[in-house]
Amino acid sequence: MRITQGAFSYLADLSDEEIEKQIQYALDNDWPLSVEFTDDPHPRNTYWDMWGLPMFDLRDAAGVLLEVNECRKAYPNHYVRINAYDARLGRQTTALSFIVNRPAEEPGFRLTRHETSDRRIQYTTHAYATDNPAGRRYASNR
């Protein structure tokens, strides 16, 4: 099962050249960038670990890609994403977010159905990867 979060998630993985073009697009729009990683990509897990600080003053797409590649090297079996922020409305708003690295094997999620009062149905998701402890959630980490 392929995790689909952020822009481009239904497409094939982007090449470094394509990633650099998206980074340049964000920089051309004056959107600062940050790099984040996680081994728990649950849809409600919006707080991924940040790789370094947001790059508010970096204007070079190659520099951002260098940080992405350093994060990939440090966490090859994690999800890595780039976030671009738009502060034009006076608050930090995510203008663009996309995954740039994923583990070789993505075990997916289980959807559990719960019947409650008055014939209502509730659903919860469970990530199979979280059956293992943090840092060992993917087969290639074992």
Side-chain angles (χ1 to χ4, degrees), residues 1-117 120-142:
M1 178 178 191
R2 185 175 169 87
I3 301 299
T4 52
Q5 293 182 24
F8 319 120
S9 61
Y10 289 96
L11 302 175
D13 291 339
L14 299 177
S15 68
D16 282 359
E17 183 179 315
E18 293 168 325
I19 292 168
E20 191 169 6
K21 287 181 181 180
Q22 294 303 321
I23 292 169
Q24 190 60 55
Y25 174 78
L27 293 173
D28 289 346
N29 283 289
D30 293 324
W31 298 338
L33 297 151
S34 70
V35 178
E36 297 178 336
F37 62 95
T38 190
D39 66 347
D40 180 14
H42 189 283
R44 298 220 185 253
N45 177 16
T46 57
Y47 299 107
W48 292 22
D49 294 308
M50 188 170 283
W51 176 260
L53 296 172
M55 296 169 258
F56 292 109
D57 57 350
L58 193 56
R59 305 301 312 155
D60 180 22
V64 177
L65 189 58
L66 176 74
E67 291 297 323
V68 167
N69 287 330
E70 289 299 313
C71 185
R72 285 172 169 167
K73 274 194 263 183
Y75 298 99
N77 299 312
H78 284 59
Y79 292 88
V80 177
R81 73 178 173 198
I82 295 175
N83 295 317
Y85 302 106
D86 184 359
R88 284 182 291 175
L89 299 175
R91 59 188 176 274
Q92 183 173 301
T93 304
T94 303
L96 178 65
S97 179
F98 58 99
I99 294 174
V100 295
N101 192 71
R102 46 181 82 238
E105 178 188 338
E106 298 181 84
F109 294 88
R110 174 181 67 236
L111 183 67
T112 306
R113 175 182 164 157
H114 304 279
E115 295 186 26
T116 64
S117 63
R120 291 182 295 154
I121 299 174
Q122 296 176 338
Y123 295 93
T124 57
T125 57
H126 171 78
Y128 293 121
T130 59
D131 291 339
N132 296 319
R136 299 191 55 187
R137 291 189 170 152
Y138 294 93
S140 52
N141 282 349
R142 294 181 190 142

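Along the sequence shown, the residues carry numbers beginning at 1.
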Item to check | Between CD1 on residue Ile99 and CD on residue Gln5, distance to nearest 0.5 Å | outcome: 5.5 Å
Checklist entry - For the atom pair CZ (Arg81) and CD (Glu36), what is the distance rounded to the nearest 0.5 Å? => result 4.5 Å
Checklist entry - Any idea how Phe8 and Phe98 line up, ring-wise: parallel (<30°), tilted (30 to 60°), or perpendicular (>60°)? => result perpendicular
Item to check | Heavy-atom pair of closest approach, residues Ala26 and Ala84 | outcome: CB-CB, 3.9 Å
Checklist entry - About how many Å separate OG of Ser9 and CZ of Arg102, when rounded to the nearest 0.5 Å? => result 7.0 Å
Checklist entry - In Å and rounded to the nearest 0.5 Å, what is the CG to CD1 distance from Asn101 to Ile82? => result 10.5 Å
Next on the checklist: Is it the case that atom CD1 in Ile121 sees more than 12 heavy atoms from other parts of the structure closer than 6.0 Å?
Outcome noted: yes
Next on the checklist: What's the separation between atom OH in Tyr85 and atom OG1 in Thr93, rounded to the nearest 0.5 Å?
Outcome noted: 11.0 Å
Checklist outcome for this item: Between Met50 and Gly52, the two heavy atoms sitting closest are CG-O, 3.1 Å
Checklist entry - Could you give all pairs that pass the salt bridge (charged side-chain N to carboxylate O under 4.0 Å, His left out) test and reach residues 61-70, with sequence neighbours left out? => result Glu70-Lys73
Next on the checklist: Using modelled atom types and a 3.5 Å cut-off, is there a donor and acceptor pairing between side-chain atoms of Asp86 and backbone atoms of Arg88?
Outcome noted: yes
Checklist outcome for this item: Rounded to the nearest 0.5 angstrom, the OG-CG distance for Ser97 and Leu33 is 10.5 Å
Next on the checklist: Apply side chain to side chain contact (heavy atoms under 4.5 Å, CB included) to residues Thr112 and Tyr123 and explain how you reach the verdict.
Outcome noted: CA-CA 6 Å; Thr112 306; Tyr123 295 93; over 6 Å; no
Item to check | Nearest heavy-atom neighbours spanning His78 and Thr38 | outcome: CB-O, 3.3 Å
Checklist entry - Within the distance-only criterion (no hydrogens, no angle test), does the side chain of Asp39 pair as donor or acceptor with the backbone N or O of Asn77 below 3.5 angstrom? => result no
Checklist outcome for this item: Smallest heavy-atom separation, Glu18 atom then Leu14 atom, equals OE1-CA, 3.3 Å
Next on the checklist: What I'd like to find out is whether the side chain of Val80 reaches to under 4.5 Å of the side chain of Val35, using heavy atoms alone.
Outcome noted: yes
Checklist outcome for this item: Looking only at heavy atoms, the pair that brings Phe37 and Trp48 closest together is O-CB, 3.5 Å
Next on the checklist: Suppose we screen for salt bridge (Lys or Arg N to Asp or Glu O under 4.0 Å). Which residues come up paired with Arg72, at least two apart in sequence or across chains?
Outcome noted: Asp16
Enumerate donor-acceptor pairs with a distance under 3.5 Å from any side-chain N or O in residues 55-65 to protein atoms, sequence neighbours excluded.
unit_1, atom_1, unit_2, atom_2, d
Arg59, NH2, Leu27, O, 2.5
Arg59, NH2, Asp30, OD1, 3.3
Asp60, OD1, Ala62, N, 3.3

